[in-house]
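Below is one structure, written out as structure tokens; comments come after it.
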Amino acid sequence: MIQEYNKSNYLKLLSRNFPNVATASTEIINLEAILNLPKGTEHFLADLHGEYEAFQHVLRNASGTIKRKVKEIFNETLSNREQKEICTLIYYPEKKLQLVKNELTQESELEDWYFITINRLVKVCRNVSSKYTRSKVHKALPKDFSYIIQELLHENSTVLNKQAYVDVIVKTIISTEQADDFIVAMGNLIQQLTIDVLHILGDVFDRGPHPHKIMDILCEYHNFDVQWGNHDILWMGAAAGNDCCIANVVRGQLRYGNHSVLEDGYGINMLPLATFALDVYGDDECAQFMPKVKATSEASRRHHMLIAKMHKAISIIQFKLEAATIMRREEFEMADRLLLDKIDQEKGTITIDGKEYALTDTNFPTVDPANPYTLTEEEARVVKKLHKSFVSSEKLKKHMKCLFTNGCVYTVTNGNLLYHASMPLNADGTLKDIDIQGEKYHGRALLNKVGALIRAAYFGDEDEQKYKFALDYIWYLWCGKNSPVFDKDKMATFERYFIADKATHKEVKGYYYVLRDKEEVCDMILDEFGIKGSFRHIINGHVPVLTIEGETPVKAGGKLMVIDGGFSKAYQPKTGIAGYTLVYHSRGFQLVQHEPFTSITKAVEEGQDIKSTVQLVEMANHRIMVKDTDKGIELQSQVSNLKELLLAYRNGDIKERDWHPITNKS
């Protein structure tokens with residue numbers, strides 16, 4: 001009875017938007033048509049790590065899709081050079097236009113080029129928009145040229161009586177000096193329509209020089225989601241005001257020589273740290289802390305020396321801050337990370353698990369052997385000023401809002417389970433129970449709990465104790481052994497800096513990384529998330545695939561795809577490539593393997609594209625339509641409800657009303 005009452009109320013609410021049989025029928029026809037269109041193309045990228053130029057080029061060329069489309073359309077009529085020119089114009093319209101105008105100095109030559117080029121762009125745009133409804137294409141159109149583009153897309157110039165009409169439109173665009181703006185708009189529109197949905201499987205931040213520029217692109221992108229990685233969560237913790245996270249973020253940027261990300265990208269004041277580092281470590285060479293970039297001049301060498309001192313200073317501060325959290329949160333079980341008290345400063349050694357190791361650096365001017373984890377007054381002042389800079393950064397707040405609005409720890413979409421790193425497992429392949437504040441969580445419940453704690457750390461909680469725990473836990477997620485975005489026994493930061501014996505640097509991965517090749521394990525995880533059917537997959541990143549050693553990203557009989565192929569330049573010597581894009585279109589999955597990107601300048605001036613190799617991963621036995629997707633299920637439910645509304649009108653249960661198209665009211 002209650003169900004019938006709720007349904008009746010729902011239909012009455014629905015009738016406000018569709019007040020009579022005609023409007024309801026029209027919407028049913030529209031939705032049924034959409035259900036029978038091919039599904040939009042999804043692109044999956046992971047572990048971007050600040051590599052802005054490579055990332056934006058992959059977006060602009062849609063992982064080679066635009067090049068393939070241009071070849072399909074013009075292979076019989078244009079040379080390879082001409083096809084390359086049109087591709088470059090689509091990728092970088094503003095830059096390419098400037099080059100063309102520098103070359104074509106005669107007005108008549110330029111006008112001819114405009115006329116030919118605009119017609120070619122219209123053909124490409126017509127092709128990439130063909131799988132969408134007119135309504136969806138209309139919403140994507142640039143406001144200034146919306147009407148003109150619609151006319152050009154939907155009028156066939158091969159029909160004799162339409163040829164003059166189309167030609168006049170194009171010539172008028174040129175004569176009114178709108179050609180440049182129109183070409184830019186068309187290039188951007190083609191890029192947008194080629195990628196329907198973008199999935200980022202974590203780690204936008206760290207290592208590379210421009211994560212803030214990647215975030216600028218994402219925050220304006222038409223349709224994307226992100227599954228937070230451990231590096232993203234670290235920055236979220238820093239923005240939330242966790243000092244351990246702040247110290248780790250600063251240390252990471254200094255390690256890779258990317259302090260400009262902090263200063264120029266987010267307005268973080270690094271002067272207090274620099275002043276402190278010079279005062280305390282002025283005579284210290286800090287050899288183990290030199291940034292991982294080459295000095296190209298004497299000036300840059302001196303600058304690197306300053307960065308090294310700042311790097312060492314923040315590292316020692318980090319170890320002290322982390323120790324306070326570890327001692328406060330015994331449940332984190334991280335006492336093995338308390339190492340400063342294990343140092344014998346007189347002997348220059350450290351004892352770990354009963355074994356003594358020589359230290360590569362024995363200068364610890366701020367570490368009091370009697371109280372090794374106490375911040376000096378100067379260190380405390382640096383922490384306070386860095387804290388204020390991070391929590392006050394408006395740019396950082398904007399980017400964090402974008403991550404929270406469009407992201408989560410995991411996503412289930414169209415039969416695919418997306419998460420950044422791991423699903424904690426026991427040795428026997430069962431889901432591992434993780435204790436959080438006295439309650440045990442595993443699988444889906446664990447990821448839900450983790451997501452809730454991250455949000456509580458950033459947005460706060462009415463319960464002060466819960467908020468404080470969440471703020472500590474967001475740091476634990478960065479480096480804790482039971483963190484699903486880390487899942488290693490330790491983060492050996494201290495050992496890598498201060499101990500030469502590489503055996504101490506080893507970080508043992510969780511059982512997930514051993515068992516993920518097993519199809520039955522992946523099936524168990526997919527079952528845990530309620531994902532049905534035979535065409536289902538886990539997609540994640542985090543651990544680079546060592547392609548150069550013959551490792552394949554496709555595992556567990558195709559059930560798991562690991563798409564961290566080395567977008568980060570720091571990993572490319574290990575992987576042998578420069579990243580993957582996984583493309584899921586209406587025919588199935590393709591894995592695109594990228595070689596290193598040269599530069600935007602070479603892409604524009606020489607037409608150099610990223611060299612990519614396409615591998616067919618899994619092809620569907622039928623073309624996948626919108627009705628086969630999650631969106632299709634939603635639309636079919638809407639159709640079902642509208643059909644019930646039609647029945648209610650015809651039975652007289654709900655009274656029809658007139659519809660006034662001018663006011664959009666009945």
Side-chain angles (χ1 to χ4, degrees), residues 201-203 225-242 244-245 325-326 328-334 400-401 403-413 416-426 429-489 491 509-513 515-516 521-522 524-531 538-542:
L201 282 91
D203 281 1
D225 55 60
V226 56
Q227 294 71 52
W228 305 324
N230 54 320
H231 288 269
D232 306 317
I233 292 169
L234 179 69
W235 278 74
M236 294 157 89
N242 181 298
C244 295
C245 293
T325 302
I326 291 167
R328 182 169 63 249
R329 300 292 180 189
E330 292 183 6
E331 63 268 40
F332 288 177
E333 298 179 348
M334 295 179 69
M400 292 304 105
K401 181 181 178 181
L403 285 181
F404 279 108
T405 301
N406 298 283
C408 53
V409 179
Y410 73 95
T411 298
V412 175
T413 177
N416 300 308
L417 172 60
L418 319 182
Y419 51 79
H420 172 66
S422 168
M423 185 65 57
L425 300 177
N426 297 309
T430 56
L431 295 165
K432 184 178 182 180
D433 279 323
I434 307 300
D435 188 293
I436 302 177
Q437 291 184 294
E439 293 190 33
K440 301 209 179 280
Y441 301 87
H442 64 249
R444 188 171 193 165
L446 172 64
L447 297 197
N448 286 336
K449 180 63 176 178
V450 165
L453 286 170
I454 293 169
R455 291 181 184 277
Y458 188 80
F459 294 107
D461 193 293
E462 291 182 1
D463 186 317
E464 184 68 17
Q465 293 305 311
K466 288 182 179 179
Y467 166 66
K468 287 181 178 179
F469 177 83
L471 195 59
D472 284 344
Y473 197 80
I474 203 170
W475 165 77
Y476 175 85
L477 288 168
W478 159 245
C479 57
K481 63 181 179 181
N482 287 322
S483 164
V485 295
F486 179 64
D487 198 10
K488 298 178 185 178
D489 68 331
M491 187 174 283
K509 299 183 182 73
Y511 289 112
Y512 173 81
Y513 299 102
L515 301 170
R516 64 183 181 174
V521 170
C522 290
M524 178 272 298
I525 294 172
L526 289 162
D527 289 341
E528 165 72 8
F529 285 80
I531 303 172
I538 298 169
I539 306 171
N540 60 243
H542 186 58

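Start at 1 with the first residue, then count along the sequence.
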Taking the side chain as C-beta and beyond, is there a heavy-atom pair between Glu331 and Phe469 under 4.5 Å?
-> yes
So, do Leu477 and Pro484 sit near enough that their side-chain heavy atoms are less than 4.5 Å apart?
-> yes
Taking the side chain as C-beta and beyond, is there a heavy-atom pair between Asn540 and Tyr512 under 4.5 Å?
-> yes
Let me see the working for Ile539 and Leu417 under side-chain contact (heavy atoms from CB on, under 4.5 Å), right down to the final yes or no.
-> CA-CA 6 Å; Ile539 306 171; Leu417 172 60; over 6 Å; no
Do the ring planes of Trp228 and Phe404 sit parallel (below 30°), tilted (30 to 60°) or perpendicular (above 60°)?
-> perpendicular
For the residue pair Leu471 and Asn242, what are the closest heavy atoms and their distance?
-> O-ND2, 2.6 Å
Tyr476 vs Lys481 side-chain heavy atoms within contact, under 4.5 Å | yes
How about Leu431 and Met524: do any of their side-chain heavy atoms sit closer than 4.5 Å?
-> yes
Do the rings of Trp478 and His231 sit parallel, tilted or perpendicular, given the 30° and 60° boundaries?
-> perpendicular
Are the side chain of Asn426 and the backbone of Gly429 linked by a donor-acceptor contact shorter than 3.5 Å?
-> no
Looking at CG of Leu446 and CG of Asn482, how far apart are the two atoms once the value is rounded to the nearest 0.5 Å?
-> 8.5 Å
Distance, nearest 0.5 Å, that separates SG of Cys479 from CZ of Phe486 | 6.5 Å
Here the gap from Gln227 atom CD to Asn406 atom CG, rounded to the nearest 0.5 Å, amounts to 10.5 Å
Work out which heavy atom in His442 is nearest to a heavy atom in Glu528; give both atom names and the distance.
-> O-OE2, 3.8 Å
Determine the minimum heavy-atom distance between Val485 and Asn230, stating which atoms define it.
-> O-CB, 3.3 Å
Does any donor atom in the side chain of Arg444 or Tyr410 lie under 3.5 Å from an acceptor atom in the other side chain?
-> yes
Decide whether Tyr511 and Asp487 meet the rule of one side-chain donor and one side-chain acceptor closer than 3.5 Å.
-> no
Going from CH2 on Trp235 to CE on Met400, what distance comes out if it is rounded to the nearest 0.5 angstrom?
-> 7.5 Å
Do the non-hydrogen side-chain atoms of Ile326 and Trp475 ever get within less than 4.5 Å of each other?
-> yes
CG-CE distance between Leu515 and Met423, expressed to the nearest 0.5 angstrom = 13.5 Å
Any Arg329 side-chain heavy atom under 4.5 Å of Lys468 side chain | yes
Considering all heavy atoms, the nearest Ile434-Pro424 contact = CD1-CB, 4.3 Å
For Gly202 against Val226, the heavy-atom pair lying closest together = N-CG2, 4.4 Å
Nearest 0.5 Å, what's the CG-CG distance between Leu418 and Leu201?
-> 5.0 Å
Which atoms form the tightest heavy-atom contact between Ala457 and Ile474, and what is the distance?
-> CB-CD1, 4.0 Å
Salt bridge between Asp461 and Lys466, side-chain N to carboxylate O under 4.0 Å?
-> no
